[in-house]
Amino acid sequence: MLLDDLKDYLGFAVAGNFANHLGEAGEANEFAVIKTEEKDAPKGMFPFYIKGHNSFLGTYPICDEIILTHGRENENLQVEAEVALICDFEYKDGKVVDIIPKYFSAFNDCSIRVNNGEKLSTKKNWGTNTKGISQDIIEIDNFTEKGILSKYHISSFIKRDGIVYDYGTTSAVKSYSYFFLQLKDWMINKLNTQEDCGPLEELTQFMFDAKNSKGILIAAGATAYTDFGKKNFLKKGDEIFVYVYNAHAHSFVDIMNDMCGMDTYLGQCSKLHQIVQ
């Protein structure tokens, strides 16, 4: 699996899949119009990359080394630390009938936080190199509670002026509101039925070239923020770190040591390191 292959994948993400994230991101009011079947259910899905689309969504935004501000630092750019699911999918008679998660990786769904009343997707892709994914892509053995992902945690940090700050709260992957088969079934339904409402868009319009896509890259949702993460937006020169690591094999101290430049073996970890430019 090579990062270049992802240029032929559809890019979608899940909104509101960790408790409190939307409120901390300043988006709760926008999503108040979205009604969900269950209290803690995600709010919906949005596109961040659709190859060949005649809008900003047609720009491939993913990079594993840098985040470019494109002169928009004053629009409150924030890291969103997530698990990316790299999936095969089946598409028949104009509908998604199955999603098969094959690999996972650390992901930064970097976002603009200025509340302008536009669709959420407009804050998610503002040019090349505005998203991040780790080259440490790990195969999924079994996308259920019995599989490898049940052991993994997500953590994220910013190194600014030589000082390391916790940015997102370290969270178990299985603590997503929806994950495994529940998330899979929910995503299939949303891709086929989500309507235009509030910050979310009708999704079937983005599936026009689904048959020619290699798969779907899905960002599963961002963790909650630490106090530092809530109050501090990205500046040029910041270093971003997102780790998705096996907490049964590696300790939080191992992660901190690695980030601080110590020689630490992280054999069961997907690490993303980006510099803001």
Side-chain angles (χ1 to χ4, degrees), residues 3 17-21 23-26 61-70 72-84 104-113 124 129-138 149 151-176 219-277:
L3 291 190
N17 199 15
F18 258 116
N20 301 325
H21 173 76
E24 293 173 353
I62 297 172
C63 178
D64 67 320
E65 295 179 329
I66 60 175
I67 286 289
L68 290 182
T69 65
H70 294 282
R72 301 181 74 165
E73 306 95 287
N74 62 342
E75 294 182 72
N76 296 352
L77 307 183
Q78 260 185 329
V79 174
E80 291 204 357
E82 316 199 9
V83 169
F104 69 95
S105 184
F107 194 75
N108 174 16
D109 186 26
C110 202
S111 297
I112 290 170
R113 291 297 182 219
K124 299 290 184 174
N129 304 337
T130 53
K131 287 269 173 289
I133 195 168
S134 170
Q135 289 204 36
D136 303 322
I137 294 171
I138 301 172
L149 269 164
K151 299 176 180 178
Y152 277 72
H153 287 190
I154 309 164
S155 59
S156 59
F157 310 86
I158 292 288
K159 186 183 284 186
R160 177 175 290 174
D161 301 324
I163 301 171
V164 171
Y165 300 92
D166 267 348
Y167 203 79
T169 58
T170 297
S171 306
V173 169
K174 63 184 179 182
S175 67
Y176 273 114
T223 62
Y225 290 110
T226 63
D227 284 342
F228 179 87
K230 291 175 195 174
K231 298 169 186 172
N232 287 270
F233 303 107
L234 293 178
K235 298 178 179 179
K236 287 184 179 178
D238 284 350
E239 292 184 62
I240 298 165
F241 295 86
V242 180
Y243 293 84
V244 178
Y245 64 98
N246 185 339
H248 293 215
H250 306 300
S251 69
F252 187 75
V253 173
D254 292 336
I255 300 302
M256 292 295 292
N257 287 343
D258 177 83
M259 195 173 20
C260 294
M262 295 176 68
D263 186 14
T264 308
Y265 176 67
L266 295 177
Q268 298 182 54
C269 176
S270 180
K271 173 187 175 182
L272 174 64
H273 176 209
Q274 295 177 290
I275 297 173
V276 181
Q277 297 180 359

side-chain contact (heavy atoms from CB on, under 4.5 Å) between Ile240 and Leu272: does it pass, once the steps are laid out? CA-CA 8 Å; Ile240 298 165; Leu272 174 64; 5.6 Å; no
Heavy-atom pair with the smallest gap, counting every atom of Val242 and Ser156: CG2-CB, 4.2 Å
Where do Gln274 and Cys63 come nearest, in terms of heavy atoms and distance? NE2-O, 3.1 Å
Is the number of heavy atoms from other residues, nucleotides or ligands under 6.0 Å of Lys151 NZ greater than 12? no
Measure the CG-NE2 distance between Asn129 and His70 for me, rounded to the nearest 0.5 Å. 6.0 Å
His153: partners by side-chain hydrogen bond (donor to acceptor under 3.5 Å, both in side chains), with sequence neighbours left out: none
I would like to know whether Ser134 and Lys271 meet side chain to side chain donor-acceptor pair (under 3.5 Å); could you show each step before the answer? CA-CA 6 Å; Ser134 170; Lys271 173 187 175 182; over 6 Å; no
Could you tell me how the ring of Phe157 sits relative to the ring of Phe252: parallel (under 30°), tilted (30 to 60°) or perpendicular (over 60°)? tilted
Determine, step by step, whether Ile154 and Glu82 satisfy the side-chain contact (heavy atoms from CB on, under 4.5 Å) criterion, reporting the C-alpha distance in whole Å, the side-chain angles of both residues, the deciding distance to 0.1 Å, and the verdict. CA-CA 7 Å; Ile154 309 164; Glu82 316 199 9; 5.8 Å; no
Worked check of side chain to side chain donor-acceptor pair (under 3.5 Å) between Thr169 and Thr223: CA-CA 7 Å; Thr169 58; Thr223 62; 4.9 Å; no
Supply the atom-to-atom distance Asp136 CG to Gln268 CD, rounded to the nearest 0.5 angstrom. 12.5 Å
Determine whether more than 12 heavy atoms belonging to other residues, nucleotides or ligands lie under 6.0 Å from atom CG of Asp161. no
Under 3.5 Å, side chain of Asn17 to main-chain N/O of Tyr176, donor-acceptor pair present? no
Nearest non-hydrogen partners of Ile138 and Cys269, listed with the distance: CD1-C, 4.0 Å
Verify the distance criterion only: is there a donor paired with an acceptor across the side chains of Tyr243 and Asp258 at less than 3.5 Å? yes
Nearest heavy-atom contact between Tyr167 and Leu77 is OH-O, 4.4 Å
Indicate yes or no: does Lys131 engage Glu80 in a salt bridge with an N to O separation below 4.0 Å. no
Working for side-chain contact (heavy atoms from CB on, under 4.5 Å), residues Asn232 and Tyr165: CA-CA 10 Å; Asn232 287 270; Tyr165 300 92; over 6 Å; no
Donor-acceptor pair, Tyr245 side chain versus Asp254 backbone, under 3.5 Å? no
Worked check of side-chain contact (heavy atoms from CB on, under 4.5 Å) between Val79 and Ile67: CA-CA 10 Å; Val79 174; Ile67 286 289; over 6 Å; no
What pairs with Glu75 under side-chain hydrogen bond (donor to acceptor under 3.5 Å, both in side chains), at least two apart in sequence or on another chain? Arg72
From Asn108 CG over to Gln78 CD, what is the distance, rounded to the nearest 0.5 angstrom? 10.5 Å
Under the side chain to side chain donor-acceptor pair (under 3.5 Å) criterion, do Glu239 and His273 qualify, and how do the steps go? CA-CA 7 Å; Glu239 292 184 62; His273 176 209; 2.6 Å; yes
